[in-house]
Each structure stands twice: as structure tokens, then as C-alpha cells.
Number of protein chains: 2
Amino acid sequence: MAITIKDVAKLANVAPSTVSRVIANNPRISEKTKKCVREAMEQLGYHPNFIARSLASQSTKVIGLVLPPSTGAFFQNPFFAEVMHGLSEGVHEKHYALQMTTGTTEEELFNGVVQMVQGGRVDGIILLYSRINDDILNYLRSRNFPFVMIGKPYEHVAKITHVDNDNFLAAKEATEYLIGLGHENIGFIGGSPNLTVTLDRLHGYKAALQENDISLQEDYIIHSEQFLREGGQKAVSKLFSGTISPTALIVTDDLIALGVVNSLTEMAIDIPSQVSIISFNNALFAEMSRPPLTSININIVELGYQAARSLIQVLENENEPVKRIIIPHQLVVRNSCAVSQKNVFER
Amino acid sequence: MAITIKDVAKLANVAPSTVSRVIANNPRISEKTKKCVREAMEQLGYHPNFIARSLASQSTKVIGLVLPPSTGAFFQNPFFAEVMHGLSEGVHEKHYALQMTTGTTEEELFNGVVQMVQGGRVDGIILLYSRINDDILNYLRSRNFPFVMIGKPYEHVAKITHVDNDNFLAAKEATEYLIGLGHENIGFIGGSPNLTVTLDRLHGYKAALQENDISLQEDYIIHSEQFLREGGQKAVSKLFSGTISPTALIVTDDLIALGVVNSLTEMAIDIPSQVSIISFNNALFAEMSRPPLTSININIVELGYQAARSLIQVLENENEPVKRIIIPHQLVVRNSCAVSQKNVFER
DNA sequence: TTGTACGCGTTATCAG
DNA sequence: CTGATAACGCGTACAA
């Protein structure tokens, strides 16, 4: 059995509670006994038992992570690694640990969260996604359990602390950029329409069209359930089978964009001379693609970092106000967009 | 305060210990009281407290993950996401949770591990790397704490359960493949020489040369500390400044290979006609690179999955024997290797 | 400033 | 088959 607080107490000739107070650096303990106790701890190689501490103090110093339902695909997207990077830095600074649960089905996932929460495994939770009508979100809210989310809540925006980009603006700017290049037939290829990111970007796209008096074509909008390359491929075949094909595309994820590029290349449609593409996330892929993709850097690492920090603030301050943190984005111009060749003739 | 076992006991008119036994599905409890207790649990919405359970049973059902020291870079490499994918599936099947610690310095990392171990936070640990003279490894061994590692231990191979590829063979095959194409001036660009993966692959490379009576050129061997693109770029400038430049390269990581490709392209050295490249890991990059890289698929997801499973076996079976699990690899041929043009003339 | 005693929510041992 | 009771290791009123 490991060294406990009692062993230390015995060696230092004090009561266990005194040792406990020394650990907590309680100011009401004399420096002399503190030193004495610390020496005893050193000598025995004492390390506090986190589990016992958690039970007594009702706090674990662990933060739970909830990955989106389609966990398998999520791991493949560079978003995962980057957000983990930021999260890990954020929690590490404050001496918290990260815990993950995953599940293959929606139900398993939900149960995993319940176990984390009601099982007392974690002090708070970070949702790595935001979607419409999320049971997990509702559950956390109904139990009043501390959590923050990455992405904009679909409902109750003002009541949920979250870290997000201004996806509306980002998509609007992206679209305006294409319009500025003379494009008017602009397609939108997004991820699942249940995700708020997708919706926000779609709205930004629509707003830009409207402000520039370009009529919206519903069949220029495609949603691909998977945030993967396959999604992009399917989207292209739908988009380019119509009568008038778009001359430019907004794609909400680099990975999907990759599929799009693949398909277009196979169809011998040149990028950017025939179709311009602008995508989101600025993953390494974006740079590697042929042609290199113009993409919007949403600073995913920072997204994770801020999420971690703001959750910890919620946990450590009695009534921390609800916050909304917006991480800036940047358009990274590469070679996937060109001036529209035909806008003059077509209308 | 949450519902406890006592509340359930009261409602079901039994002792708390009985409730505990029902949870554990103890066979010595009558079906009748089981049903009664379960109804009470249902009615109250009871969920067992994991922390209390952990304290009493001295087991947390949590597995700790140790990332390599250069954590920042590690997150950027697709290896991270893939291995996490496998790990998460492996632990999820057996109802364990994953916990991560990270640290910016070696010392922080070490302390993180000590906290996990001595703090009783985790039942076992998975090391996501293997290197020479690892303090953490020595610590775990000295405390006799259950752990498995991904990669081959540098020492005590027969005493440490680990999951690995046959990196020696993989590199040997890769080299032989190049030799088969007529190459004799084959360079080796590896990651840190402190990692056993690097060493194993280097040995495989050397063995292949030797068996084919090709003399080893020490200045054809470059180590890049970072598993990143920058590493590849530096390596190239060293390699191609000598008198006789290699006509083929073994690169131990796709990300490094990417840097190599970049640099060679900038130097207007054509791949594969002037230099052939074969790399490891078969990340998405490999396929996307221009030209697409011939790479060795080491099945990273499986590496993680098996690591999780074997650790859990160690945890759940009294004296599970030490195991060594080898995950198969496959050469994925793309377009980065060609028949050597000059081997006939040069010797 | 320090010690005593109890509670945190379970599991496990030992009776009955 | 079930019920007391004692751990598990620590935090914390309360008392001294």
C-alpha cells in the first residue's frame, strides 16, 4: 500500500489533518511545522492520492471531452489533432487533466457523458462540436453541469459559454472575395446541416450573395454528411450535372475540398481557371493540394486553448458570467481562385 | 447532493451493502430483491459514483496516456490522431476511459506521470513512443506499475509488453525495393536517433545494403530531430551538397518526406526520375504529395487498438504474461520511385 | 496554531 | 441470502 497522509503525520509527529493543511499550504500552520512535515513527505516519497482527495473535496481536477457522434470520421480530420493540442495546453497550464469518452452509437456516447457527469469523474465538460437538438447539451443544461462548447450553440446563445469563430463573417468574406473576382455562379458545399458551423457559414454565403444582388440558387447548395473526402466527391457529381455549373465554390472543410479537387481534376475541370475554390480550416492539406487551396484559417489550436481556459474559469470562480469568445480568422490566399472568365458573357 | 447508494437502500428497504451487491450483480442475491433494488435505482435515477468506487476498490478504470516529450510536434503528426483513434476504440470496448497528461518540459511530463501513477488516477499507462534511456519507463518499471508501450523497448524487450511493427523488416524491404529498382546510392533520412523506431528502421536499411554488397556511406544517413517538414528540408540540403548525391531515399516519416519533396522540387530535382523516395506511415499526405509517395502503411490505428486491449488484459488478469504484438505493414506503391537511370554507368 | 472526529460514496469482510 | 461495520485516503468543522 502506498504512503498516506497518516504515515507522514506519524513521522512528523503531527496529526493527519495538519499534514493535509500543509499540503493545502494553509496559512494558519507555522512555518516550522510546515518545514518539518515537508521533510517527512520528502523522506517517505509521499504523493497525495487524487481519488481520495476528489472524494473528500468533491472535485476531480479532470475535464471531460465530448467528441461528436461520428467519432470515427472526426479522428481523421485534422481539426481533432489541432483542437486537442490547444485543449491540452490550456488544461495543463492550470493543472487539470483531460479525459475522453467515445462511443460508436449516439446512445453509447450519451451514456458515456452521463457516467462522466453523474459518476463524478469530471468537474466540467467541453463539447467539441455544436449541432441542432443535441441531447447531450440538453442533459448538461438540465443538470446545470458546468460546460463550455466549441462552436456556436444553436439555441440559448446568450446562456452558454462558448468559443467560436465568426463563421458567418468568415463565409461572407470568402464569398465576397469570390464575387470580387467576378464570380456570380457560386456553389456552397457544406458539412452536415445539423452542425451550427455549417449553418453559420451557409448564412454568411447567402448574405454575401444577397448584398451583391446575386440571386440564390438552391441547387448550388450541397451538404455532405461526412467531413471526409468522399463527401466532396459526391457533392461535385451533383453540382456539375446541372445546366449551369458554378464557376466558384465555397467548401466548409479542407478535407471535403480535397475530394472536390480530386473529382474536378478527374473530370478535367481546371482549378482555378474553370472553377475557383475557397475552403475552411487551413489544414496542412490546403497547402499541399494541387493547386494549393485558398483557405480560411480559423485558428483551431486557439479555439481549444480558449475553451479549456474558459471552462476552468467557470469551475474556479463562483459565478463567472456566461461568455462568448470569438477567435479571429484569416483568409490565406493561395492558388485555387482566379478571376471569372465568363461572368461578362453569361448574364 | 446526488443520489447515493443509501438513498436507494432506503427506498428498497435493504441495506446499502445489498445495493452494492446488486450493482455488482452478485449471484448470491435473490432475483426478487435484485428487481426491487433495480426499480428503486431506476426511480431515483441513481448513478454510481466512480470516485467513491475507485477509492474503495483501488481501481479507476482509467488508462493514462503518455505522449512523447516533444508534445507540440507530436500533435501535428497524423500519427497522433490515428493512434488515438485506435486507443479510443480499444478502451471503449472494455469500458475504460482515457486520460492524457502533457507537459512542455521533460520534467513536467515526468511529474505528470508520477501524479497519474502515485496519485492513483489511473490503473495503467500506455506510452505512445519508445526511446533510449527513458526516465518515465524506468520509473514505471521500478514501481512495477502496469504499462504497455507502442514501439519496441530499447532494453528489456522480453520483459515489457509492447505493440510494434517489424520496423527492421519494413525498412529492409523498402530498401530492397529500391535496390531492386537498380539503386545503389540510397540515403536514409530518419527522425531522432533516440527513438527506437528510427534505430530499427536504420538497421533494416543497413542490413539490406549489406546483403546486397552495397557499401554503407555514413554521410548518406541523416537524422532530423523534428518529425516535421522542416526536418526534411534541412536533411536535403545536407545530403545533396556532397560529391555523389543519392539516387534514392528512405524517409522514416511522411511528414519529413513532405519536406524532402518540397526541397527537392525547389532545387529542380525531379522525383522520381532523378531521386526516388519511399517513406513510412502512409498518411493522407503520402497520397496527396506530388508525386504521390510510395509509403509503408504501418496500420497506426491497429497499433493503438492493440495497445489498449493488451494493457486491459494485463490489468484484468492476475499474471498475464509479457507479450509482444507485431502489427503487419504493407508497402503501398505510388509514384515516387523509379528505376535508377545511372546505376550501370556509375560503378 | 494544532488535534479530534466525522463525512465523502463505495466495496469488502464477517456475521447471522 | 442479507445486514452491520470497517476500511479506502483525504478535507474540514469544531474544539482545544
Side-chain angles (χ1 to χ4, degrees), chain A residues 1-38 40-41 44-62 114-123, chain B residues 1-38 40-41 44-62 95 114-123 316:
Chain A
M1 202 101 308
I3 314 296
T4 78
I5 216 173
K6 287 182 190 168
D7 302 319
V8 177
K10 218 166 279 172
L11 183 63
N13 266 321
V14 294
S17 56
T18 305
V19 178
S20 175
R21 284 189 261 255
V22 172
I23 295 171
N25 206 2
N26 188 317
R28 310 187 311 187
I29 296 285
S30 74
E31 279 307 321
K32 205 179 65 186
T33 48
K34 269 188 189 173
K35 181 178 288 182
C36 180
V37 169
R38 285 191 181 123
M41 298 195 330
L44 293 174
Y46 168 78
H47 279 272
N49 182 314
F50 265 90
I51 302 297
R53 175 180 288 184
S54 300
L55 186 58
S57 66
Q58 303 284 53
S59 120
T60 61
K61 293 277 183 185
V62 177
V114 172
Q115 280 208 357
M116 289 208 286
V117 172
Q118 316 228 15
R121 277 175 180 284
V122 300
D123 290 349
Chain B
M1 201 99 313
I3 314 293
T4 78
I5 216 172
K6 288 182 188 169
D7 302 319
V8 178
K10 219 165 280 171
L11 182 64
N13 266 320
V14 294
S17 52
T18 304
V19 178
S20 176
R21 282 189 265 254
V22 172
I23 295 171
N25 206 2
N26 189 317
R28 309 187 310 186
I29 297 284
S30 73
E31 280 306 321
K32 204 179 67 187
T33 47
K34 270 188 189 172
K35 181 179 288 182
C36 179
V37 169
R38 285 191 182 123
M41 298 193 331
L44 294 172
Y46 168 79
H47 279 272
N49 182 313
F50 265 91
I51 302 297
R53 175 179 287 183
S54 299
L55 185 58
S57 67
Q58 304 283 55
S59 122
T60 61
K61 293 279 183 182
V62 177
H95 306 286
V114 171
Q115 281 208 358
M116 287 208 285
V117 172
Q118 317 230 13
R121 276 175 182 282
V122 299
D123 291 349
E316 298 194 338

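Below, read A as the first sequence line, B as the second, and so on, with proteins coming before strands; counting in each chain starts at 1. Just so you know, these numbers come straight off a predicted model, no measurement behind them.
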Could you list the donor-acceptor pairs under 3.5 angstrom formed between side-chain atoms of residues 45-56 of chain A and any protein atom two or more places apart in sequence or on another chain?
from  : atom 1 : to    : atom 2 : distance (Å)
A/N49 : OD1    : A/I51 : N      : 2.8
A/N49 : OD1    : A/A52 : N      : 3.0
A/S54 : OG     : A/F50 : O      : 2.6
A/S54 : OG     : A/S59 : O      : 3.4

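Looking at residues 11-19 of chain B, you'll see B/S17 sit with a heavy atom under 4.0 Å from some atom of DNA chain C. Using a 4.0 Å cutoff on non-hydrogen atoms, the parts of residues 23-32 of chain B near DNA chain D are B/R28, B/I29, B/S30, ordered by number. The stretch residues 49-56 of chain A touches DNA chain D through A/N49, A/A52, A/R53, A/A56, each having a heavy atom under 4.0 angstrom from the strand.
Comparing the end axes of the helix from C/dT1-D/dA16 to C/dG16-D/dC1, each fitted to five base pairs by superposing C1' atoms of four pairs onto the next four, gives an inter-axis angle of 40° (nearest 10 degrees).
Not counting sequence neighbours, the partners of B/K6 by the side chain to side chain contact (heavy atoms under 4.5 Å, CB included) test are B/T4, B/P16. In this view, B/T33 and B/I29, B/S30 satisfy the side chain to side chain contact (heavy atoms under 4.5 Å, CB included) rule, not counting sequence neighbours. Contacts of B/K34 classified as side chain to side chain donor-acceptor pair (under 3.5 Å), with partners at least two apart in sequence or in another chain: B/N25. Listed by chain and number, the residues in a side chain to side chain contact (heavy atoms under 4.5 Å, CB included) with B/A15 are B/S17, B/T18 (sequence neighbours excluded). Not a single side chain to side chain contact (heavy atoms under 4.5 Å, CB included) links A/N13 to another residue, sequence neighbours left out.
To the nearest 0.5 Å, atoms CG (A/D123) and CE (A/M116) are separated by 12.0 Å.
If you measure from atom NZ of B/K61 to atom P of C/dT11, you get 12 Å, rounded to the nearest angstrom. Atom NE2 of B/H47 is separated from atom P of C/dT10 by 12 Å (rounded to the nearest Å). Rounded to whole Å, atom P of D/dC10 lies 12 Å from atom CD of B/Q118. Rounding to whole angstrom units, CD1 of residue A/I5 and P of C/dA5 are separated by 17 Å. The interatomic distance linking A/D7 (CG) with D/dC10 (C1') rounds to 13 Å, in whole Å. Taking atom NZ of B/K6 as the reference point, atom C1' of D/dA4 lies 13 Å away to the nearest angstrom.
Of all non-hydrogen atoms in A/T60 and A/G120, the two that sit nearest each other are CG2-O, 3.1 Å.
At a threshold of 4.5 Å between non-hydrogen side-chain atoms, the residues B/M41 and B/I3 do not count as touching. Side-chain contact check for A/V62 versus A/R121: every heavy-atom pair is 4.5 Å or farther apart. You'll find the side chain of B/I23 stays beyond 4.5 Å of the side chain of B/V37, heavy atoms only.
Considering only side-chain N and O atoms, B/S57 lies nowhere under 4.0 angstrom from the phosphate OP1 or OP2 of C/dA12. Between A/Q58 and C/dG7, a side-chain N or O to OP1/OP2 separation shorter than 4.0 Å is absent.
Residue order along DNA chain C, read from the 5' end via each residue's closest nucleotide, puts B/Y46 first among B/Y46 and B/R21.
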